[in-house]
2 protein chains.
Amino acid sequence: MTIYDVAREAGVAASTVSRAFSRPGRVNAATAERIREAAGRLGYRTNPLARALVTTRTHMLALAVPDVTNPVFAEVIRGAQAAAGDAGYTVLLADAQESGVRERASLERILSVVDGVVLAGSRMSDSAIRMLAKQKPVVVLNRAVVDVPCVVTDNERGARLVAEHLAGLGHESLAYVAGPEASWADGARWTALREAAADLGLQVRRHGPCTPDVPGGLRAAGELRGRSATAVVAYNDQQAIGLLRGLTAQGLRVPRDVSVAGFDDIDAAALVTPGLTTVAAPLRAEGTTAVRHLLAMVQGAAGHTGAPLVLPVRLVVRGSTAQRRRKRTSPASGTTRVSGSAR
Amino acid sequence: MTIYDVAREAGVAASTVSRAFSRPGRVNAATAERIREAAGRLGYRTNPLARALVTTRTHMLALAVPDVTNPVFAEVIRGAQAAAGDAGYTVLLADAQESGVRERASLERILSVVDGVVLAGSRMSDSAIRMLAKQKPVVVLNRAVVDVPCVVTDNERGARLVAEHLAGLGHESLAYVAGPEASWADGARWTALREAAADLGLQVRRHGPCTPDVPGGLRAAGELRGRSATAVVAYNDQQAIGLLRGLTAQGLRVPRDVSVAGFDDIDAAALVTPGLTTVAAPLRAEGTTAVRHLLAMVQGAAGHTGAPLVLPVRLVVRGSTAQRRRKRTSPASGTTRVSGSAR
DNA sequence: CAACACATGGCAACCGATTGCCTCGGCTCC
DNA sequence: GGAGCCGAGGCAATCGGTTGCCATGTGTTG
């Protein structure tokens with residue numbers, strides 16, 4: 001089923017068939033109708049590859065994520081997918097598997113067939129990204145890279161919200177469990193948290209780096225043992241959940257003995273016990289805005305490489321944070337439970 | 001950077017360059033080396049689209065999933081991605097958003113550029129799938145469709161394992177919370193559970209259908225209120241987690257008053273309290289085997305359309321199931337807690 | 001030494017669209 | 001009535017590879 005078959009069926013030249021589809025108005029309405037009908041009869045579908053070969057537009061976008069199984073990115077993917085689909089674009093996923101090298105490799109493979117790239121939580125170096133941005137339109141998500149269009153969440157405000165929340169509960173000494181070193185968001189969150197803490201007169205210590213997953217949080221719980229912090233803020237929710245479990249396993253009670261908070265508000269945050277207090281990021285929206293920006297660039301607009309576009313966050317308070325209690329007595333032994341409201 | 005540039009640089013014809021890459025042995029080793037070197041110098045990358053246009057092989061595969069954000073499929077995606085990557089193939093994701101119609105639509109869009117399709121948990125009708133399989137190589141995951149190659153998990157054995165586990169704990173009356181009607185796996189699980197229950201002399205009632213997510217489980221918990229079942233098996237882990245919360249909210253204790261089990265063993269199953277007893281499916285392996293089969297077909301092998309390939313499961317016992325207790329006294333009031341082992 | 005096989009490389013058609021340029025007929029306008 | 005314009009459609013080149021077929025040169029064999 002090629003354009004030539006349709007042309008023969010409709011009694012016109014192939015070029016006319018092509019125009020009938022891609023350039024409405026360029027051919028006579030009646031002829032166009034006749035062609036469309038012939039195409040329908042033959043079940044003709046235009047071959048995207050052939051088209052792409054000459055137009056150099058594939059209508060495909062690359063989306064690189066550090067880990068497909070990370071629920072944070074699952075939502076981002078869905079958002080990106082939706083926005084792309086609406087515009088008639090298809091998303092190619094590049095799973096970096098938490099490695100800058102593999103990220104480069106999988107991008108390398110698909111780079112030549114896509115019209116643009118969204119880098120979500122990229123583990124590549126700034127210069128590698130800038131290099132990439134020279135070849136194809138690129139939008140970076142959750143990271144700021146000079147000279148490249150970026151979309152980020154409001155980490156500053158998020159960190160400040162947690163800090164204020166914890167300060168309001170009487171906590172004076174915080175711990176921050178860090179994410180991967182290559183993560184820009186980690187830096188942003190830590191810096192903002194430290195500043196907010198300073199403003200509020202709180203102590204805050206950094207631990208890590210730890211892997212941004214549940215095991216990472218578990219390990220962090222071990223390292224935190226015996227520290228004086230009465231509240232722990234984790235780089236992300238998975239770590240925070242790991243913390244919840246690790247601290248509990250040590251005989252500590254959350255939030256009675258120690259408060260825990262995370263970032264992102266993944267689904268699981270509401271499912272663990274106690275529910276996790278966290279800074280909710282508009283994950284779906286991150287995906288859609290990134291793609292929309294990218295599409296704007298692909299379609300001509302010179303990507304504004306100024307300040308990153310900042311998406312708002314909000315604090316979701318659940319059961320994992322509570323009023324600070326004066327000194328815990330014997331942290332390890334099982335004391336009589338009083339009532340234990342799950343929230 | 002085209003093949004012609006390389007040809008000029010190396011002092012040979014374009015066809016020779018092409019052969020140097022795609023048909024090793026067809027050109028003299030020395031010449032091939034010279035060409036490869038010239039290509040390297042120019043930074044030449046072969047254009048997949050141009051190649052695909054004539055070979056009709058794009059080296060891309062479609063993977064349709066009902067929901068990208070569902071952790072079950074996240075793992076499947078990762079497995080598929082890996083297997084495809086190893087073979088030099090790229091995966092295009094088609095998010096069906098839990099709808100047969102949207103599934104068809106997104107497939108429609110990418111069908112013409114892929115060499116084959118993996119349908120994971122498809123919501124389409126059997127006939128629609130068979131139709132599709134006529135146009136392109138198709139492998140169906142977690143569903144049996146006659147005349148189409150299938151890869152499924154051992155639902156029979158899984159259901160039997162849970163049933164035996166629960167029977168061993170003294171339970172005599174089970175409830176099954178059903179998944180989406182369009183889900184083949186739901187039918188398989190329910191049928192097998194019923195049969196196993198019959199063999200073991202257990203009662204079992206079916207409730208639903210319910211959506212295969214946490215809210216679905218929550219709703220099911222409401223409907224279950226006042227039933228006599230002392231153990232509930234859910235279609236999947238998300239529902240089971242919903243049940244956990246819903247039942248707890250009703251004042252019931254899991255596993256003291258009622259045991260809960262799920263299917264799949266998603267990450268979150270180990271994170272909730274109590275931990276969820278569940279039938280672990282080899283999610284990653286599902287993705288890889290499906291893709292490997294598909295690739296075999298794409299590369300010539302006539303997909304064996306006989307009995308589906310069955311992947312083994314195993315039962316993971318956690319804290320959500322326990323010995324049945326003689327009649328609960330007053331299910332709603334908060335009784336004195338005894339010790340509450342978390343596992 | 002003729003005849004033939006074989007290894008190697010070039011020529012040119014082709015995949016299925018898109019698009020610049022040209023032609024042709026009908027109209028308008030002066 | 002002729003110049004000029006416009007709408008509509010066709011021709012053919014082009015995108016960047018692949019591949020069937022042929023030409024050449026070298027080695028092998030009888």
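FYI, side chains are in, hydrogens and waters are out, and symmetry mates aren't considered; it's all heavy atoms of this structure. Residue numbering restarts at 1 for every chain, and letters A, B, ... go by the order of the sequence lines.
Among residue pairs with one or both ends in residues 115-140 of chain A, none qualify as ring-ring contact (aromatic ring centres under 6.0 Å, His included); sequence neighbours excluded. Pairs of residues two or more places apart, or lying in two chains, that qualify as salt bridge (charged side-chain N to carboxylate O under 4.0 Å, His left out) and include a residue from residues 99-112 of chain B are A:R45-B:E108, B:R104-B:E108. Pairs passing the ring-ring contact (aromatic ring centres under 6.0 Å, His included) check and including a residue from residues 106-152 of chain B, sequence neighbours excluded, do not occur. Every pair tested for ring-ring contact (aromatic ring centres under 6.0 Å, His included) that includes a residue from residues 125-153 of chain B fails, sequence neighbours excluded, so the list is empty. Identified under the salt bridge (charged side-chain N to carboxylate O under 4.0 Å, His left out) test for residues 14-33 of chain A, with sequence neighbours left out: none. Note on residues 80-122 of chain B: pairs passing ring-ring contact (aromatic ring centres under 6.0 Å, His included), not counting sequence neighbours, are B:H59-B:Y89. Annotation: side chain to side chain donor-acceptor pair (under 3.5 Å) contacts involving residues 291-302 of chain A, sequence neighbours excluded, are absent.
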Set out, line by line, the N/O atom pairs under 3.5 Å between protein and nucleotides 24-26 of chain D.
none

Are there any protein N/O atoms within less than 3.5 Å of an N/O atom in nucleotides 21-26 of chain C, and if so, which ones and at what distance?
none

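Between atom CD1 of residue B:I77 and atom CG of residue B:L93 there is a gap of 4.5 Å, rounded to the nearest 0.5 Å. Put simply, OG1 on A:T288 and CG on A:D86 are 9.5 Å apart, with the number rounded to the nearest 0.5 Å.
With D:dG9, D:dT19, C:dG9 as the candidates, the nucleotide lying closest to the side chain of B:S18 is D:dT19. Ranking C:dC15, C:dA17, C:dT8 by closeness to the A:V54 side chain, first place goes to C:dA17. Considering only the side chain of B:T55, D:dT18 comes nearest among C:dT18, C:dC11, D:dT18.
With contacts defined as side-chain heavy-atom distances shorter than 4.5 Å, the pair B:P282/B:T153 qualifies. Proximity of A:M60 to B:M60: side-chain heavy atoms (C-beta onward) are separated by under 4.5 Å at one or more points. Using a 4.5 Å cut-off on side-chain heavy atoms (C-beta onward), A:R143 and A:D126 make contact. Side-chain contact between A:Q81 and A:V291 is absent, with no heavy atoms from C-beta onward closer than 4.5 Å.
At whole-Å resolution of the value, CG in B:N47 and P in D:dT14 are 18 Å apart. If you measure from atom CZ of A:R23 to atom P of D:dA8, you get 15 Å, rounded to the nearest angstrom. Between B:E33 atom CD and C:dT8 atom P there is a gap of 15 Å when expressed in whole angstrom units. Atom CG in A:L49 sits roughly 14 Å away from atom P in D:dG17 (whole-Å rounding). Per the geometry, CG belonging to A:L53 stands 9 Å off C1' belonging to C:dG16, to the nearest Å. Taking atom CG of residue B:L42 and atom P of nucleotide D:dG16, one finds them 14 Å apart after rounding to whole Å. Atom pair B:N28:CG and D:dG27:C1' shows a separation of 15 Å (rounding to whole Å applied). Taking atom CZ of residue B:F21 and atom P of nucleotide D:dG17, one finds them 10 Å apart after rounding to whole Å.
Side-chain atoms of B:S15 and base atoms of C:dC11 include a donor and an acceptor less than 3.5 Å apart.
End-to-end axis angle of the helix from C:dC1-D:dG30 to C:dC30-D:dG1, using five pairs per end and rounding to 10°, comes to 40°.
Between B:V27 and B:A50, the residue anchored closer to the 5' end of DNA chain C is B:V27, taking for each the nucleotide with the nearest heavy atom.
The residue A:V17 sits apart from the nucleic acid: no heavy atom pair falls under 4.0 Å. Within the 4.0 angstrom heavy-atom criterion, no nucleotide atom of any strand lies near A:R57. Using a 4.0 Å heavy-atom criterion, one finds that A:T56 contacts no nucleic acid atom at all.
Tested against A:V76 for a side-chain contact (heavy atoms from CB on, under 4.5 Å), the candidates A:L141, A:V65, A:N70 yield a single pass: A:L141.
DNA chain C lies under 4.0 Å from no heavy atom of any residue of residues 2-11 of chain B.
Taking B:S112 as the reference, nothing meets the side chain to side chain donor-acceptor pair (under 3.5 Å) condition, with sequence neighbours excluded.
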